[in-house]
Amino acid sequence: MKAKQSLGSRLVEAVGGGVLRVFLIVVGLFWLVPTIGLLLSSLRAPEDIAASGWWKVFTEPSQITFDSYRKLLENEDITSSLLNTVWITVPATLLVVIIGSLAGYAFAWMEFPGRDWWFLGVVGLLVVPVQVALIPIAELFGGIGIFGSVLGVVLFHVGFGLPFAVFLLRNFFAEIPRELLEAARLDGAGELRLFFRVVMPLGGPAIAALGIFQFLWVWNDMLVALIFTDSGSQPITVALQTQVRQFGNNIDVLAPGAFICWGGRRAFLCASPRPWGAGVRAGGVMSRLSHGCGGGGRGRPAPSAFPRMP
């Protein structure tokens, strides 16, 4: 006898298939309208922007020009700020991922005095707002001579990115089956070899997510950079703000600048699918091992499952 379907199930079936897809496509296109408008505005001359809306491009394609991009990229302040953005974002992301991974493993699987209290302290740092630390850290950096430099901005981002990194990775690494680590130790693996050969590959999903999150947060940051950099170390977000003219909407500067800034994020995300996919597959392997090793004692990995580690 066929079970009676609930009202929710019947509604899902009614709107499923082609109708739902069409609706989602319409919503997606509607969501993209502001981005499309900004893109088309960046391809128009300032006088055309002042005279009519961006949709005028569809009737007068001759308005499209790359002069705004050319002028912006010929500006030495913009080009140097793009390089500064890379010098700030890449080290801040790598340091947070590396240090956070090591600390997360230590909190998850190593025994040392006060481990739980130290971890609670790290979790407590998650609630500290960035704004609270701006003035004290600015005074500290000024005293040691790194205020206004790229190094100061990198250290600030690393300091505020580590609590979340440690919290995320510790909780992820703690889900690795204990039997898996014990088998590797029986094969002669030390803590460092265990970390790099077993924990890091299985932690791919969390590490990839952390790297993407940290990269985007640092790349898009303006508040910290506005305070801790000077004219020689400012990133693209601050450089664009300095290019804005007084008493004007400056769409001819902001629109191409926004897409130049967006291009760096897009390039990073386009390079991410392969490691992200590898991490997801590794997560699936860990899930299967978790069921085999620690899932109610249903099995223990065979010694041959691990390479011999001298």
Side-chain angles (χ1 to χ4, degrees), residues 81-110 112-174 192 195-196 199-200 203 205-239 241 261 264-265 268 272:
S81 67
L82 276 172
L83 185 59
N84 288 335
T85 305
V86 174
W87 285 118
I88 291 172
T89 305
V90 173
T93 302
L94 291 178
L95 287 174
V96 166
V97 169
I98 294 171
I99 299 174
S101 299
L102 292 170
Y105 171 75
F107 280 118
W109 291 108
M110 296 180 67
F112 54 88
R115 183 186 68 172
D116 294 337
W117 288 105
W118 281 107
F119 183 68
L120 286 176
V122 171
V123 173
L125 292 175
L126 289 172
V127 303
V128 178
V130 173
Q131 294 84 351
V132 171
L134 290 175
I135 295 178
I137 294 182
E139 294 178 350
L140 173 64
F141 285 178
I144 61 179
I146 61 174
F147 183 81
S149 66
V150 169
L151 176 61
V153 185
V154 170
L155 291 179
F156 190 97
H157 284 303
V158 171
F160 272 86
L162 277 176
F164 176 75
V166 174
F167 174 74
L168 174 70
L169 296 180
R170 182 266 177 192
N171 291 337
F172 191 89
F173 292 161
L192 283 178
F195 174 75
F196 287 109
V199 176
M200 284 288 284
I207 294 172
L210 173 65
I212 292 174
F213 179 84
Q214 178 70 9
F215 182 94
L216 295 179
W217 182 55
V218 177
W219 185 278
N220 293 331
D221 170 70
M222 181 176 177
L223 175 62
V224 175
L226 190 63
I227 295 174
F228 286 88
T229 61
D230 55 21
S231 59
S233 58
Q234 62 187 11
I236 183 66
T237 52
V238 179
Q241 187 268 338
C261 188
R265 301 194 301 268
F268 175 77
S272 300

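Note that the numbering runs from 1 along the sequence shown for the chain.
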> Between Gln214 and Val97, is a side-chain contact (heavy atoms from CB on, under 4.5 Å) present by the stated rule, with each step listed?
Replying inline: CA-CA 9 Å; Gln214 178 70 9; Val97 169; 5.7 Å; no
Do [X] and [Y] make a side-chain contact, defined as non-hydrogen atoms from C-beta onward lying under 4.5 Å apart?
X      : Y      : answer
Thr237 : Asn220 : no
Val130 : Phe156 : yes
Thr229 : Pro235 : yes
Phe172 : Pro205 : yes
Ile212 : Trp217 : no
Leu223 : Gln131 : yes
Phe228 : Ile137 : yes

What pair of heavy atoms forms the shortest contact from [X] to [Y], and how long is it?
X      : Y      : answer
Gly100 : Leu162 : N-CD2, 3.7 Å
Gly161 : Val96  : O-CG1, 3.9 Å
Ala206 : Leu168 : O-CD2, 3.9 Å

>> Applying ring-ring contact (aromatic ring centres under 6.0 Å, His included), can you list everything that pairs with Phe164, at least two apart in sequence or on another chain?
In response: Phe213
Any side-chain to backbone donor/acceptor pair from [X] onto [Y]? Under 3.5 Å, distance only.
X      : Y      : value
Trp87  : Val154 : no
Thr85  : Ile236 : yes
Trp109 : Phe173 : yes
Asn84  : Gly232 : yes

[X] side, atom [atom1]; [Y] side, atom [atom2] - distance, nearest 0.5 Å:
X      : Y      : atom1 : atom2 : answer
Ile146 : Leu151 : CD1   : CG    : 4.5 Å
Met200 : Ile98  : CE    : CD1   : 8.0 Å
Leu155 : Leu140 : CG    : CG    : 9.5 Å
Leu83  : Ile88  : CG    : CD1   : 10.0 Å
Phe107 : Arg115 : CZ    : CZ    : 9.0 Å
Ile135 : Ile227 : CD1   : CD1   : 8.0 Å

>> Can you list everything that forms a side-chain hydrogen bond (donor to acceptor under 3.5 Å, both in side chains) with Asp230? Sequence neighbours excluded, please.
In response: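 Once residues adjacent in sequence are excluded, the partners of Asp230 under the side-chain hydrogen bond (donor to acceptor under 3.5 Å, both in side chains) criterion are Ser233.
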> Can you name the residues that form a side-chain hydrogen bond (donor to acceptor under 3.5 Å, both in side chains) with Asn171, not counting sequence neighbours?
Replying inline: none
>> Before you tell me yes or no, could you show the steps for Phe160 and Leu126 under side-chain contact (heavy atoms from CB on, under 4.5 Å), namely the whole-Å CA-CA distance, both residues' side-chain angles and the distance that decides it to 0.1 Å?
In response: CA-CA 8 Å; Phe160 272 86; Leu126 289 172; over 6 Å; no
>> side-chain contact (heavy atoms from CB on, under 4.5 Å) for Ser81 and Val238? Distances and angles first, verdict last.
In response: CA-CA 8 Å; Ser81 67; Val238 179; over 6 Å; no
> Passes side-chain contact (heavy atoms from CB on, under 4.5 Å), Phe215 versus Val218? Steps please.
Replying inline: CA-CA 5 Å; Phe215 182 94; Val218 177; over 6 Å; no
> Would you say Leu120 has more than 12 foreign heavy atoms packed within less than 6.0 Å of its CG?
Replying inline: yes
